[in-house]
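What follows is one structure encoded as structure tokens, with my remarks underneath.
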Amino acid sequence: PSAAGGPEGEQMSEQDTRVAEQPAAVAAPADDTARQLAERTEDLQRVTAEYANYRRRVDRDRQLVVDQAAERFAAQLFPIVDDIERARDHGDLTGAFKGVADRVLGLLDGLGVEAFGVAGDPFDPALHEAVMHDTAEGIDVPTATTVLRQGFRRGERVLRTAMVAVSEPAGGAAPVEDSTEDEAAG
């Protein structure tokens with residue numbers, strides 16, 4: 001019963017104020033929830049990435065251990081393979097011994113180990129161990145002329161270098177003239 005300016009008018013304005021404040025109060029918990037959700041999402045992404053990195057590292061380490069074990073095993077077979085090759089060179093690789101030799105060589109193949117070092121290969125110090133040197137006509141670069149012991153590699157990794165005799169060109173390499181010395185002299 002009072003006018004708009006009376007106590008009811010004030011009450012209405014307080015109610016209006018309370019109603020206006022409620023969305024702000026509701027918005028604050030929503031902002032807090034969104035912030036917590038963002039933090040948890042970041043934590044989950046970080047933990048997921050850490051786990052993925054851990055699995056990759058463990059898989060890489062596991063493969064490295066397998067590779068090292070295969071290479072150590074293959075290295076223990078190299079002296080046996082040398083004996084097999086010597087027997088083959090002398091014609092003694094026959095009968096049951098030939099069967100055993102084929103199985104041993106099959107083991108190396110199964111491990112992915114391949115032999116290298118053939119007479120006529122260009123000399124490469126990363127692949128060949130030169131134990132003898134001489135000169136020869138008709139070659140342009142240092143060449144492995146005799147293979148004394150085969151080398152072995154697994155993939156790109158050299159497990160044992162080939163022991164070779166190396167022949168170098170008879171004329172030797174022509175000296176390279178330095179053009180800066182010629183300019184200084186003239």
Side-chain angles (χ1 to χ4, degrees), residues 38-176 178:
E39 286 176 7
R40 298 301 187 277
T41 302
E42 288 175 8
D43 290 344
L44 180 61
Q45 289 172 340
R46 184 174 37 257
V47 168
T48 302
E50 287 174 0
Y51 181 68
N53 289 337
Y54 167 77
R55 284 192 55 110
R56 278 193 295 270
R57 186 175 59 250
V58 167
D59 289 344
R60 184 185 62 232
D61 291 349
R62 184 178 298 132
Q63 185 60 44
L64 182 63
V65 167
V66 168
D67 289 345
Q68 288 174 343
E71 290 170 2
R72 278 195 307 268
F73 178 67
Q76 291 177 350
L77 293 177
F78 295 159
I80 297 168
V81 173
D82 292 340
D83 291 341
I84 290 170
E85 291 304 317
R86 281 190 285 275
R88 179 176 287 141
D89 291 344
H90 291 102
D92 294 336
L93 193 58
T94 59
F97 185 57
K98 182 177 181 346
V100 172
D102 290 343
R103 290 188 68 185
V104 169
L105 296 174
L107 281 173
L108 288 179
D109 287 340
L111 293 171
V113 176
E114 61 183 27
F116 67 89
V118 178
D121 284 349
F123 175 72
D124 181 354
L127 301 175
H128 301 106
E129 177 183 351
V131 293
M132 293 189 286
H133 282 83
D134 65 351
T135 56
E137 297 291 331
I139 58 172
D140 298 330
V141 295
T143 305
T145 53
T146 305
V147 177
L148 304 171
R149 183 186 73 195
Q150 282 186 319
F152 294 95
R153 74 174 135 230
R154 186 169 187 254
E156 294 298 315
R157 185 173 161 89
V158 175
L159 303 178
R160 182 177 84 175
T161 57
M163 188 181 299
V164 298
V166 177
S167 293
E168 298 191 27
V176 178
D178 189 5

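What you see is a predicted model; the values in this text were computed from it and never measured.
L148 places a side-chain heavy atom less than 4.5 Å from the side chain of V131. Using a 4.5 Å heavy-atom threshold, the side chains of S167 and I139 count as touching. Contact check for V81 versus L105: side-chain heavy atoms found under the 4.5 Å cut-off.
Between I80 and V104, the shortest heavy-atom distance links the atoms CG2-CG1, 4.2 Å. Nearest approach of R160 to Q150, heavy atoms of both residues: NH2-O, 2.8 Å. Closest non-hydrogen pair, T161 versus A126, comes out as CG2-O, 3.9 Å. Closest non-hydrogen pair, R154 versus L111, comes out as NE-O, 2.6 Å. For the residue pair G117 and V147, the shortest heavy atom distance occurs at O-CG2, 3.5 Å. The shortest non-hydrogen separation linking V166 to A130 is CG2-CB, 3.6 Å.
Considering CZ of R55 and CZ of R62, their distance stands at 8.0 Å, rounded to 0.5 Å. Taking CG from L93 and CG from D83, the interatomic distance works out to 11.5 Å, rounded to the nearest 0.5 Å. Taking CD of E168 as the reference point, atom CG of D134 lies at 8.5 Å (rounded to 0.5 Å). Rounding to the nearest 0.5 angstrom, the gap separating the CZ atom in R57 from the CD atom in E50 is 10.0 Å. Note that OH of Y54 is 9.5 Å distant from CG of D59, once rounded to the nearest 0.5 Å. Distance check: T145 OG1 to F123 CZ gives 11.0 Å after rounding to the nearest 0.5 Å.
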Chi angles and distances behind the side chain to side chain contact (heavy atoms under 4.5 Å, CB included) call for L159, R157: CA-CA 6 Å; L159 303 178; R157 185 173 161 89; 4.1 Å; yes
Evaluation steps, side chain to side chain contact (heavy atoms under 4.5 Å, CB included), between Q76 and R72: CA-CA 6 Å; Q76 291 177 350; R72 278 195 307 268; 5.6 Å; no
Stepwise side chain to side chain contact (heavy atoms under 4.5 Å, CB included) check, H128 with D121: CA-CA 10 Å; H128 301 106; D121 284 349; 4.2 Å; yes
Candidate pair R40 and L44, rule side chain to side chain contact (heavy atoms under 4.5 Å, CB included), full reasoning: CA-CA 6 Å; R40 298 301 187 277; L44 180 61; over 6 Å; no
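A salt bridge links D102 to K98: at least one charged side-chain nitrogen sits closer than 4.0 Å to a carboxylate oxygen. Comment: R149 engages E129 in a salt bridge, judged by a side-chain N to carboxylate O separation of less than 4.0 angstrom. The pair R60-D67 does not meet the salt-bridge criterion, since no charged nitrogen lies less than 4.0 angstrom from a carboxylate oxygen. Under a 4.0 Å N-O distance rule, the pair R46/D43 qualifies as a salt bridge.
Residue R86 places its CZ atom among more than 12 non-hydrogen atoms of other residues, nucleotides or ligands, all under 6.0 Å distant.
Taking the six-membered ring for Trp, F78 and F152 have ring centres closer than 6.0 Å.
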